[in-house]
Amino acid sequence: MAAAHGETGTRGEDIPPGKPMSLEQTVMDKGAQMLQSLKPVKQMSQHVCSFALYSHEMTRQIEIHHYVARINQDFCQCAVYDTDDSTGRLIGVEYIVSDGIFETLPPEEQKLWHSHAYEIKSGLWVHPRVPEMVVKPELENLAKTYGKFWCTWQLDRGDRLPLGPPALMMSPQPVNLGMVKPGLIQKRDDKYNISSEALKTARAEIAEPEWINPQADYWKQHGKGFAIDVEPTEMKKRAPFS
Amino acid sequence: MEGKNISTHPDVPGEPKRTGTAMVETATATIQGFGPVNKIHQHLCASNEVVVIPYDCHIGRFHFYGHDMSRQVEAHHYCGHQNEEFRQCLIYDSPDAGARLIGLEYIVTENLFLTLPDAEKPLWHSHEFEVKGGFLFMPGVPGPVQRADLEKVAKTYGKTIHFWQVDKGDSLPLGVPQVMMALTREGQLYENLAHGVEKRFGVSFEKERENRAYMTGPAHGIHPLANAGGKGLKTVLRETDCMQASGRCCS
């Protein structure tokens, strides 16, 4: 059933399945694109490539591509894809908050978030094709942030369509289950002709956060992940249906 | 809280962007390719769930929560096609630059929907009613052009997940994801929500209804398992070992 664990799903032509785009639809889409203002999506100004782990099954690790829109100095919202070309499948959403904002969250909420410091300092988090010098200020900022990432399409287990409830994702960490498989890193590095190891050295001077909230990366302290179940329930209705 | 207009909600907390940050973003936006995002081509506005285009299309519509029909949200979808039968959409709470990314939706043809396992089908909703009812529309696109696309959308099914409950007044995306549902019959949508959208976008749902009377839904009729089989659906967080099988669905 599933593709080999720890590897990105097969990039077959038929995921998702379906007929190729008709000329008619293509023309229609282009027309709409010209007529409509697409302001919210135009706010995405950064592409980030990194890795994430399923919180309920941490041996499953994936390469991810974030398209980041910064709302203000303390908050970003990201559309997440499995690759950076135009066939990229939308696999989820991540929100990124500053440490200041994170500390205002209730502890029960904090459990759903992960830290970014290690991911950035280790060179796993990259801005493809952008010189390090240019992104350095951003990396210094992001190293102190926390993220909340829901994955809605589990391609790595072979799903040809987005099935099941969303999965909570965690970030790479420098301990046992949080370590990203070298093969996965190598594959990514080869694609962009970069070296995560070299980036790690280059980023040595990026300051570690003084403190990472222990509620984040919950599995590290507690050995537990989280799963979402979808359950039938009574629908609360509005008149005249109630 | 009936039909609360979400544009009255609080801003996202945080300091304004610093100049240095903005400069980095200008640089990255110029240098990097944005493959999947450039594809957004449609903006669909459903009075509940609006489809966003990757994003070449903006669709406006409305969604309600899978467990609570009394909570309804205006949703702006920005959609892109992966192929003729599959669209993926980013969902925002408004069509403005400062809009909050509140969820996503996948839209499939009836053919693809029928291949889904039965346990999966309840998470998907039909589009026939809201398309034919005029509640789902493409802001800025002339009627005949819209209808050429929407007559296809009327036959599709969607799976919508929201991550940010802006209608509750959440200034941050708190809690667990929510499975959202779409309008399936007369009387579900709050009138004030509907009127608000009609006014802001200069559309008339009733007029569109007449224009769309010719449209038909899925060839095999709306599947009985779709739309949560007429029941409610809620999402529950479960603490688990880090080495478990995936979340259960509808068990």
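Note that the coordinates shown come from a computational prediction; the quantities given were computed from them, not determined experimentally. Below, each value reflects all heavy atoms present in this structure, side chains not excepted, and no hydrogens, waters or symmetry copies. Labels below follow one simple rule: chain letters A, B, ... track the order of the sequence lines, proteins then strands, and each chain is numbered from 1.
Using a 30° and 60° split on the angle between ring planes, F86(B) and W153(A) fall in the tilted class, from 30° to 60°.
When heavy atoms are compared at a cutoff of 4.5 Å, T115(B) approaches chain A solely by way of its side chain, counted from C-beta outward. Looking at L139(A), there are no atoms closer than 4.5 Å to chain B (heavy atoms on both sides), in backbone or side chain. When heavy atoms are compared at a cutoff of 4.5 Å, L168(A) does not approach chain B at all. Of the atoms belonging to Q43(A), it is side-chain heavy atoms, and not backbone ones, that fall under 4.5 Å from chain B. Proximity to chain B (any heavy atom under 4.5 Å) is restricted, for E24(A), to the side chain, taken from C-beta onward. In this structure, the portions of A148(B) lying under 4.5 Å from any heavy atom of chain A include both its backbone and its side chain. Residue contact with chain B, scored on non-hydrogen atoms closer than 4.5 Å, involves the side chain of K111(A) exclusively.
At a threshold of 4.5 Å between non-hydrogen side-chain atoms, the residues F75(A) and P173(B) count as touching. Within the 4.5 Å cutoff, the side chain of Y218(A) has heavy atoms near those of the E239(B) side chain. Here the side chains of F102(A) and L172(B) are not in contact, with every heavy-atom distance at 4.5 Å or above. Y95(A) is not listed as a side-chain neighbour of R100(B), based on a closest heavy-atom distance of 4.5 Å or more. A 4.5 Å side-chain heavy-atom check between I228(A) and L237(B) finds at least one atom pair inside the cut-off. Using a 4.5 Å heavy-atom cutoff, the side chains of P20(A) and N83(B) are not in contact. Side-chain atoms of D96(B) and P40(A), non-hydrogen and from C-beta on, never get closer than 4.5 Å to each other. The shortest side-chain heavy-atom distance between P117(B) and L163(A) falls under the 4.5 Å cut-off.
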Could you give me the CA-CA distance, side-chain angles and deciding distance for M235(A) and K231(B), then say whether side chain to side chain contact (heavy atoms under 4.5 Å, CB included) is met? CA-CA 6 Å; M235(A) 164 72 85; K231(B) 305 261 191 311; over 6 Å; no
Side chain to side chain contact (heavy atoms under 4.5 Å, CB included) evaluation trace for Q77(A) with Y92(B): CA-CA 11 Å; Q77(A) 52 194 22; Y92(B) 294 82; 3.8 Å; yes
Under the side chain to side chain contact (heavy atoms under 4.5 Å, CB included) criterion, do R89(A) and Q82(B) qualify, and how do the steps go? CA-CA 8 Å; R89(A) 290 155 299 203; Q82(B) 289 302 94; 3.4 Å; yes
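Looking only at heavy-atom pairs under 4.5 Å with chain B, the residue among R70(A), H127(A), H65(A), K39(A) that has the most is R70(A). Counting heavy-atom pairs closer than 4.5 Å to chain B, the top residue among P162(A), P166(A), P106(A), G100(A) is P162(A). The choice from L112(A), N141(A), T152(A) that makes the most heavy-atom pairs within less than 4.5 Å of chain B is T152(A). Options V176(B), V145(B), D68(B) differ in how many heavy-atom pairs under 4.5 Å they form with chain A, and the most are formed by D68(B).
Sparse packing is recorded around NZ of K236(A), with 12 or fewer heavy atoms of other residues, nucleotides or ligands lying under 6.0 Å away. Counting non-hydrogen atoms of other residues, nucleotides and ligands closer than 6.0 Å to CG of N176(A) gives a total above 12. The 12-atom threshold is not exceeded at NZ of K144(A), counting heavy atoms of other residues, nucleotides or ligands nearer than 6.0 Å.
Residues passing the side-chain contact (heavy atoms from CB on, under 4.5 Å) test with E84(B), sequence neighbours excluded: K19(A), M21(A), S22(A), Q25(A), K152(B).
Between the side chain of K148(A) and the backbone N or O of G175(B) there is at least one donor-acceptor pair closer than 3.5 Å. Using modelled atom types, no side-chain atom of E109(A) and backbone atom of L174(B) make a donor-acceptor pair closer than 3.5 Å. Looking at E57(A), its side chain never comes within 3.5 Å of a backbone N or O of C242(B) through a donor-acceptor pair. No donor-acceptor pair under 3.5 Å is formed between the side chain of K234(B) and the backbone N or O of V230(A).
Note that CE of M58(A) and CG of D241(B) are 12.5 Å apart. Values are rounded to the nearest 0.5 Å.
Taking the charged nitrogens against the carboxylate oxygens, D229(A) and R238(B) do have a contact shorter than 4.0 Å, which makes a salt bridge.
Smallest separation of non-hydrogen atoms from Q88(B) and L90(A): OE1-N, 2.9 Å.
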